[in-house]
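Below: one structure, written as structure tokens.
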Amino acid sequence: MPNIGVPGLIIILIIALIVFGPSKLPQLGRAVGQTLKEFKNSTKGIVDDVTEEFKLEENTDAKKK
């Protein structure tokens, strides 16, 4: 994220409060948090798979030599 800073974050929160209202804001925050958690878990799985493939490839290359 390009340097939002505290004032920019406060403005974003005020706009979100006005648009969604105080009753929907906690639900929105929870939904964003769950989405970020799922995204993090899926990217971690992909990185682990790619890392494992590279390790297998290194092992087969070492056996050929």
Side-chain angles (χ1 to χ4, degrees):
M1 258 189 225
N3 302 328
I4 290 178
V6 175
L9 189 59
I10 291 172
I11 291 172
I12 291 171
L13 289 173
I14 290 172
I15 291 172
L17 185 62
I18 292 170
V19 171
F20 297 108
S23 62
K24 293 282 184 178
L25 210 52
Q27 292 174 347
L28 181 66
R30 231 177 278 118
V32 169
Q34 288 175 349
T35 303
L36 289 175
K37 182 180 176 182
E38 289 176 14
F39 179 74
K40 183 179 175 184
N41 289 339
S42 65
T43 55
K44 184 181 182 314
I46 292 170
V47 169
D48 290 344
D49 290 344
V50 170
T51 303
E52 185 177 327
E53 287 294 323
F54 279 122
K55 286 180 182 178
L56 290 174
E57 187 175 306
E58 287 176 0
N59 288 340
T60 57
D61 287 344
K63 288 180 182 178
K64 287 181 182 179
K65 290 181 181 182

Return a table of donor-acceptor pairs under 3.5 angstrom between the side chains of residues 22-29 and protein atoms on other chains or two or more places apart.
none

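In this structure, the salt bridge (Lys or Arg N to Asp or Glu O under 4.0 Å) partners of Asp48, at least two apart in sequence or on a different chain, are Lys44. Listed by chain and number, the residues in a side chain to side chain contact (heavy atoms under 4.5 Å, CB included) with Thr51 are Val47, Lys55 (sequence neighbours excluded). For Leu36, the side chain to side chain contact (heavy atoms under 4.5 Å, CB included) partners are Val32, not counting sequence neighbours.
Side-chain contacts under 4.5 Å among hydrophobic residues (ILVMFWY), followed directly or transitively, place Ile10 together with Val6, Ile14, Ile18.
For the salt bridge (Lys or Arg N to Asp or Glu O under 4.0 Å) condition, no pair includes a residue of residues 25-38, sequence neighbours left out.
If you chain together hydrophobic residues whose side chains sit under 4.5 Å apart, Ile15 and Phe20 fall into the same group. If you chain together hydrophobic residues whose side chains sit under 4.5 Å apart, Leu17 and Ile11 fall into the same group.
Nearest heavy-atom pair, Leu9 versus Ile4, reported as atom, atom and distance to 0.1 Å: N-CG2, 3.6 Å.
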